[in-house]
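Have a look at the structure below before the remarks.
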Protein chains: 2
Amino acid sequence: MTPVDELDLVLQLPLFDGLEPESGRRLLGPSLHCEAQAGVNLFQQGERPEYLHVLIEGAVELRCVDPTGHEVVVEVVRPVDCFILAAVVTDAPYLMTARTLEHSRLLLIPAGHLREELYRQPALSLVLLGSLARHYRALVRQIKDLKLRTSAERVGAFLLCLALDQGGATTVELPYRKRVLADRMGMTPENLSRAFARLRECGVQNQGSHVVIEDLERLAEYCRMDTAIDRVEAALRVPAQQVLPDSSESVPPSRAQGTTDT
Amino acid sequence: MTPVDELDLVLQLPLFDGLEPESGRRLLGPSLHCEAQAGVNLFQQGERPEYLHVLIEGAVELRCVDPTGHEVVVEVVRPVDCFILAAVVTDAPYLMTARTLEHSRLLLIPAGHLREELYRQPALSLVLLGSLARHYRALVRQIKDLKLRTSAERVGAFLLCLALDQGGATTVELPYRKRVLADRMGMTPENLSRAFARLRECGVQNQGSHVVIEDLERLAEYCRMDTAIDRVEAALRVPAQQVLPDSSESVPPSRAQGTTDT
DNA sequence: CGGGCTTTTGACGTCGATCAAATTCGGTGG
DNA sequence: CCACCGAATTTGATCGACGTCAAAAGCCCG
């Protein structure tokens, strides 16, 4: 697949929904392809934004670090989505550091170019406004989660989301190794372990990365799910799916992958 | 001052910077004025967004509530700024409940009308994109604050922001009664009191709502301020200022009031 | 001067982090 | 196939930060 072909495919993705093919191509024209192994820092907090990052394949986490070296994971980005839009739009230093979790491929759109295109293309600001709005809401949920739930409840809610995403399956596979999962959920591995221990008491079996939920209702009650608000964040936590089709295939089913949440 | 005159004044504010006067007037045309006492709920989480809210005067807090009644304050909005943009743009249920902290005046822009204008006016989406980006960044800082700092450090950082906003004054007045302040900073009044007690040991005197900081440097070090990132959030915490000028005066100095952060 | 407050202080209890040690797991080389 | 190493995971003990409950000061005002 040539780069240009790929650009066209990228433009068909939900993220860029509503963009004219032509303006899309102009937007992506000066963009760079970038590929990185797992564990690579794409940029550091405090730096000036040079590119809007679009994640095409892989996974990236955004985290804040404080002077003592402690960290919080603020967001986990899944394809296809853009990140650090806020920094690029405001032209202010990154508040977070971005690191690849897996081997990833990205498109880097020069910040200056993006801002110019923003003036030229009404549709583009709409697209980005929508994306940013979803990210904003993801953060609101994150804050709610951190302050209002215990770690066991967070884990429970996470499992429930996995289960519900599979149409109510009572058995799910954890998408990452537990070490990584713990980080992602804002707790230490030790506490993740204890969280699973506590969940056993409300019907959650766990063998390695294999989890069986005896009673979805019971679990939902335990972790105080709020249907109006919590359920919506499911997509935030779904493991990656191969989103970019092979060149021989068409665009995959539209399971709301275009953005971090829905 | 007639309503129409006031609309024009509103449009001159930083929030609407870059908007043509005419399109601004069309945007605000069908908007409602709304005035509320302190302590009034403007809407509840879970409801569908009907209006984009623009706070003209007063103060509003956005909070999440969980089924057991516990709450987190997610944002405090100061004039002039809009809020719940993300919900309006995505047309998804509010994640938060909005409550006035003081007697407040608002402009309510019907959500449907806003979305139409969004298509008609490129400049508008740019304005809103900028506003949303700033709110997004405020939340990132909030998460960092909650996870990475102790309550004493949060209070210290808050005081430091107050001081620095006054050009490095070593004595500041707390903008609210402590009960309210505690809420705002995500802790109980008891713990706020203990936080002040701890800050005494690094040179912070406190008598009622009067605070003296002996050594700004020392305090900054104690609460691990990060110049590149923390200082920026100052505006987030500054007490309200009278932003709408009397009809006899011109627009006030541009101290970055147009948005929640800068 | 005496309610009815906010604010402070002290005594717990809970949650989550940390440190240390035990245990399990996955793959490796013999 | 099996013993073995290193990493991941679990478990236990302990600590610090915060929330809660209760009681003691302070304060504001009538």
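Scope of the values below: all heavy atoms of this structure, side chains included, with no hydrogens, waters or symmetry mates. The structure displayed is predicted, hence computed values, not measured ones. Residue numbering restarts at 1 for every chain, and letters A, B, ... go by the order of the sequence lines.
Where B:Gln207 and B:Ala152 meet DNA chain D, the nucleotide closest to each residue was compared, and B:Ala152 sits on the side nearer the 5' end.
Residue B:His103 is tested with B:Glu35, B:Glu57, B:Gln37 for a side-chain hydrogen bond (donor to acceptor under 3.5 Å, both in side chains); the sole match is B:Glu35.
Chain A approaches DNA chain D within less than 4.0 angstrom (heavy atoms of the protein), and the contacting nucleotides run 5' to 3' from D:dA8 to D:dA13.
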Reading nucleotides 5-10 of chain C from the 5' end, what letters show protein touch, with B for base, S for backbone sugar-phosphate only, - for no heavy atom under 4.0 Å? -SSSBB
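No side-chain heavy atom of B:Leu62 sits less than 4.5 Å from a side-chain heavy atom of B:Tyr94.
Taking atom CG of residue B:Leu146 and atom C1' of nucleotide C:dG16, one finds them 15 Å apart after rounding to whole Å. Atom NZ in B:Lys147 sits roughly 11 Å away from atom C1' in C:dC15 (whole-Å rounding).
Partners of A:Lys147 according to the side-chain hydrogen bond (donor to acceptor under 3.5 Å, both in side chains) rule, which considers only residues two or more places apart in sequence or in another chain, do not exist here.
Side chain of B:Glu61 to main chain of B:Val73: no donor-acceptor pair is present (N/O by atom type, distance under 3.5 Å, no hydrogens or angles). In this structure, B:Ser104 contributes its side chain and B:Thr100 its backbone to no donor-acceptor pair below 3.5 Å. At least one donor-acceptor pair under 3.5 Å links the side chain of A:Asn206 to the backbone N or O of A:Gly208.
Annotation: the span from B:Ile84 atom CD1 to B:Gln45 atom CD amounts to 13.0 Å, rounded to 0.5 Å.
Using a 4.0 Å cut-off between a side-chain N of Lys or Arg and a carboxylate O of Asp or Glu, B:Glu102 and B:Arg78 qualify as a salt bridge.
Base engagement by A:Thr188 is indicated by at least one non-hydrogen atom pair under 4.0 Å involving a base atom.
At the phosphate of C:dC15, neither OP1 nor OP2 sits under 4.0 Å from any side-chain N or O atom of A:Thr150.
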